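Chain letters run A, B, ... following the sequence lines, proteins first and then strands; every chain starts at 1. Please read all numbers here as calculations on a predicted model, not as lab measurements.
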2 protein chains.
Amino acid sequence: MHLLDYFLNIHFKRSQGCFAIFGFLDCPMKKKEKITIHDIAMEVGVTASTVSRALNNHPRISPATKKMVLEAAKAINYKPNRIAAALRHGKSKLIGIIVPTINRNFFSSIVRGIEEYANARDYKVMISQSYDDYKKEVETIDALLDARVDGIMVSLGKNTHSFAHFESVIQKGIPLVFFDRTTDELDVNQVIIDDYSAAYQATNHLIDQGYRHIAHFTSHMKIKIYLERLRGYRQALLDNGIHFDAKMVVESNMQLDGGRNSARFLLDQSFGFDAIFSASDYAIVGALQELKKNKVKIPQEVGLIGFSNEPFTEFTEPALSTVDQKAISIGENTAALFFEMINGDPRPKPRIKKVLDANLIIRTSSSRIPNIQLNTNSTNPE
Amino acid sequence: MHLLDYFLNIHFKRSQGCFAIFGFLDCPMKKKEKITIHDIAMEVGVTASTVSRALNNHPRISPATKKMVLEAAKAINYKPNRIAAALRHGKSKLIGIIVPTINRNFFSSIVRGIEEYANARDYKVMISQSYDDYKKEVETIDALLDARVDGIMVSLGKNTHSFAHFESVIQKGIPLVFFDRTTDELDVNQVIIDDYSAAYQATNHLIDQGYRHIAHFTSHMKIKIYLERLRGYRQALLDNGIHFDAKMVVESNMQLDGGRNSARFLLDQSFGFDAIFSASDYAIVGALQELKKNKVKIPQEVGLIGFSNEPFTEFTEPALSTVDQKAISIGENTAALFFEMINGDPRPKPRIKKVLDANLIIRTSSSRIPNIQLNTNSTNPE
DNA sequence: CCAGTAAATGCAATCGATTGCGCTATTATA
DNA sequence: TATAATAGCGCAATCGATTGCATTTACTGG
């Protein structure tokens with residue numbers, strides 16, 4: 001207590017010229033008098049009800065009054081208290097977003113899409129990360145419910161194999177939209193890209209480039225996107241008369257190390273693969289590193305395609321072909337779906353599933369045949 | 001209207017078995033009866049005041065009552081309404097974060113640090129992105145104020161050269177903490193890394209490796225971090241008896257293209273540079289690409305070091321040396337500062353500035369001399 | 001000139017939790 | 001055995017905005 005007093009004393013002495021020395025930092029003199037609609041009411045000479053209605057452009061308030069109120073509000077720098085409003089009409093104007101991680105171009109772009117769409121409609125977003133951890137995802141749902149969000153948008157974590165935590169959201173009647181990493185075990189609106197078609201195109205492109213022994217990197221099969229990508233890969237092979245070999249499908253965590261290990265595995269098994277279509281950009285970079293370490297020439301000996309168009313795919317040597325998932329568009333559509341749910345008529349609707357098209361981006365890692373059709377400099381396949 | 005009716009009609013017909021066919025989707029029958037402390041009060045046979053106090057572990061409530069209340073709360077699945085509480089005691093338990101973009105490992109890691117620290121203390125975070133756009137930054141501040149956040153943590157946008165929008169935050173007495181991209185024009189608590197020292201180390205390392213004509217990539221000088229990095233670079237040169245040449249400092253937007261252009265510029269001017277220390281990883285990747293395109297050998301002919309330890313620096317060929325900024329730690333310290341501000345005694349304190357150490361990460365792009373001290377294979381400097 | 005209607009605004013309750021003050025018992029002190 | 005203190009809990013106001021209903025004023029038609 002002595003010591004404390006000592007310090008406080010010093011502070012007190014030094015801070016007698018509060019404004020001069022310490023500026024505004026915690027300066028007790030600067031009392032934040034909150035201004036409410038009542039202050040406006042006083043100013044204009046009406047009641048708070050009228051002010052509230054004027055501010056909300058209620059039809060029963062005369063234009064003259066509205067004008068006065070608006071002006072007074074501006075004059076005294078009024079800021080509506082969203083919390084009070086939220087309490088009254090039960091809407092927080094907050095949207096909760098759960099993504100595995102925002103530290104991915106794909107997800108942060110989706111978030112941006114949602115954010116812009118929502119902000120334009122006077123809604124704000126709360127972003128949470130599940131870090132692909134099931135427990136954290138459950139907690140996060142709870143936290144968002146706690147925060148009284150008006151809706152929740154989710155991309156599932158990789159380890160999420162049970163969906164009970166979403167039932168409470170649904171039961172509370174809170175709009176729920178899934179995007180990208182979804183499940184069919186829940187009857188919920190969703191926005192996805194056409195993973196099947198994208199994978200089909202990617203695989204087809206590899207075949208066009210003369211690759212015939214195409215491996216596939218995938219992740220846990222509970223998540224639909226990986227299943228779909230596998231399906232597209234498989235179908236493209238079959239449609240081109242190429243045997244589908246389950247041994248060529250390698251499962252991993254789809255991170256850098258997973259990709260490295262998977263590539264190592266392929267090399268060790270000597271299946272004679274000449275291309276990899278990976279469901280993740282991270283894994284394909286890992287593979288690229290491992291292959292280069294083993295003096296495998298890309299794309300001459302092995303062709304590579306990733307998935308997601310992460311920025312670094314442009315920076316590798318050679319640049320990696322990949323699939324652009326139109327992340328911003330996914331975000332916008334997800335948000336749009338939410339607003340449809342809260343604005344549309346409340347009668348039950350069948351589940352909506354928006355499927356967007358993806359874009360194959362062809363770079364060097366899969367371009368064995370010169371894109372110009374001259375045969376001059378073309379390296380012959382194999 | 002006809003068409004609409006038609007659809008609605010169909011829906012209606014199909015949805016008579018609401019639960020059976022459509023499940024819970026917007027099903028009007030599932031009314032969410034909100035449960036409040038009054039319900040608990042009724043259950044236990046006390047008043048809402050007592051329930052509230054029991055829930056908040058107030059000392060004046062008997063242990064017996066507390067137990068009953070807690071049990072009843074659990075039993076009827078009570079969830080406190082944060083909004084009501086927020087309205088009452090003026091605390092939203094929300095923290096607003098503004099970063100230029102979350103789509104960067106550095107920033108998203110900081111956010112993670114803040115988030116975890118805050119969540120552990122029952123606070124939630126709202127993340128907003130300024131996209132390095134001044135106007136957006138101003139709007140965002142406003143939006144956070146609107147949402148009645150209890151505190152704001154900011155990393156400045158690159159184009160932010162005026163700070164008036166923060167004055168309103170300060171005037172309202174809302175704790176404000178800057179991190180990483182800060183300014184000294186505002187008297188605000190801040191958490192930064194020792195950019196000067198990091199830059200000094202990086203430059204020194206290049207010199208150790210025998211590079212003598214070291215260029216520097218930088219950005220707008222209004223942002224302190226870039227100034228500090230420049231200072232560190234300069235001092236390291238001087239301390240090693242190397243002439244500091246302003247011509248070797250190249251300014252750009254610090255993105256990929258900026259880095260490319262800057263490298264192009266250096267090549268064109270033929271200053272005879274043999275290394276680049278860039279204040280951004282993105283710019284150094286651009287430079288790397290441009291140099292490789294011109295058959296410049298890295299690190300034999302030119303050494304490179306970036307800044308931030310973005311994940312892709314590991315993926316390039318060769319892997320890039322860079323500076324790890326301990327992002328998570330920055331986040332934690334930023335959050336900690338906020339809690340100090342709201343918990344500490346309200347008397348004015350002098351501004352706090354936490355300076356954390358950064359870590360030089362040495363990879364191939366700057367390693368001309370084998371790290372083992374044998375002279376056998378060592379390429380001689382110059 | 002009056003009933004009748006529409007337009008414009010006020011009154012007061014409400015959303016759910018918190019909290020200062022006050023009222024009883026119960027226990028401690030003299 | 002008083003008196004004082006204290007523990008345990010209820011009353012009612014409060015936070016700021018919203019809103020159903022009531023009220024007042026103005027205006028129209030007959």
For A/A84 and for B/R88, find the nucleotide of DNA chain C with the closest heavy atom, then tell me which residue's nucleotide is more 5'.
A/A84
Here the pair of heavy atoms bringing A/A84 nearest to B/L87 is CB-CD1, 3.7 Å
Given atom CG of A/L55 and atom P of D/dG16, what is their separation to the nearest angstrom?
15 Å
Option passing side chain to side chain contact (heavy atoms under 4.5 Å, CB included) with A/K354 (candidates A/V191, A/T334, A/V177):
A/V191
Do the side chain of A/Q129 and the main chain of A/I102 share a donor and acceptor less than 3.5 angstrom apart?
yes
The helix from C/dC1-D/dG30 to C/dA30-D/dT1: angle between terminal helix axes, five bp per end, to the nearest 10 degrees, reads 50°
Taking every heavy atom of A/G151 against every heavy atom of A/F338, the minimum-distance pair comes out as CA-CE1, 3.6 Å
To the nearest angstrom, the CD1-P distance between A/I37 and C/dG10 comes to 12 Å
Using a heavy-atom cut-off of 4.0 Å across all strands, would you classify A/S62 as base, sugar-phosphate, or nothing?
sugar-phosphate
If you find the nucleotide of DNA chain D closest to B/T50 and the one closest to A/P80, which residue's nucleotide is nearer the 5' end?
B/T50
dist A/N189:CG -> A/N333:CG (nearest 0.5 Å) comes out at 12.0 Å
D/dG20 C1' sits how many Å from A/H58 NE2, rounded?
11 Å
According to salt bridge (Lys or Arg N to Asp or Glu O under 4.0 Å), who are the partners of B/R112, at least two apart in sequence or on a separate chain?
B/E116
Record whether the side chain of B/S49 comes under 3.5 Å of the base of D/dA12 through a donor-acceptor pair of N or O atoms.
yes
salt_bridge(B/D150, B/K91) N-O dist < 4.0 Å
no
Take atom NZ of A/K66 and atom P of C/dA8, then tell me their distance rounded to the nearest Å.
9 Å
Report each atom pair, protein N/O against N/O of nucleotides 21-25 of chain C, whose distance is under 3.5 angstrom.
none

Strand contacts (DNA chain C) in residues 144-151 of chain A, 4.0 angstrom heavy-atom criterion:
none
With respect to the side chain of B/H38, which nucleotide from C/dA17, C/dC11, D/dA17 is positioned closest?
C/dA17
Take atom CD1 of A/I61 and atom C1' of C/dA8, then tell me their distance rounded to the nearest Å.
6 Å
Mind checking what makes side chain to side chain contact (heavy atoms under 4.5 Å, CB included) contact with A/D146, not counting sequence neighbours?
B/K79, B/R82, B/K124
Nearest-nucleotide pick for B/L87, side chain only, options being D/dC15, D/dA17, C/dT19:
D/dC15
Straight-line distance of B/H165 NE2 to B/F163 CZ, nearest 0.5 Å
7.5 Å
Under 4.0 Å from OP1 or OP2 of C/dC15: is there any side-chain N or O of B/N81 that close?
no
When the distance from CD1 of A/I83 to C1' of C/dT18 is rounded to whole Å, what number comes out?
14 Å
Between D/dG16 atom P and A/I40 atom CD1, what is the distance in whole Å?
13 Å
Between B/V46 and B/H89, which residue's closest nucleotide on DNA chain D lies nearer the 5′ terminus?
B/V46
Is any side-chain nitrogen or oxygen of B/T65 closer than 4.0 Å to OP1 or OP2 of D/dG8?
no
Within the structure, does a side-chain N or O atom of A/T36 lie under 4.0 Å from either OP1 or OP2 of D/dG16?
no
B/V138 and B/D142: CA distance, side-chain angles, deciding distance, side chain to side chain contact (heavy atoms under 4.5 Å, CB included) verdict
CA-CA 6 Å; B/V138 176; B/D142 223 56; 5.9 Å; no
Would you mind reading off the distance between B/R82 atom CZ and C/dT18 atom P, rounded to a whole angstrom?
9 Å
Contacts of B/K67 that satisfy side chain to side chain contact (heavy atoms under 4.5 Å, CB included) - sequence neighbours left out:
B/E71
With ring-ring contact (aromatic ring centres under 6.0 Å, His included) as the test, would you mind laying out the steps for B/F178 and B/F166 before giving the verdict?
CA-CA 11 Å; B/F178 280 9; B/F166 294 111; 5.1 Å; yes
Can you label the angle between the A/F339 ring and the A/Y123 ring as parallel, tilted or perpendicular, going by 30° and 60°?
perpendicular
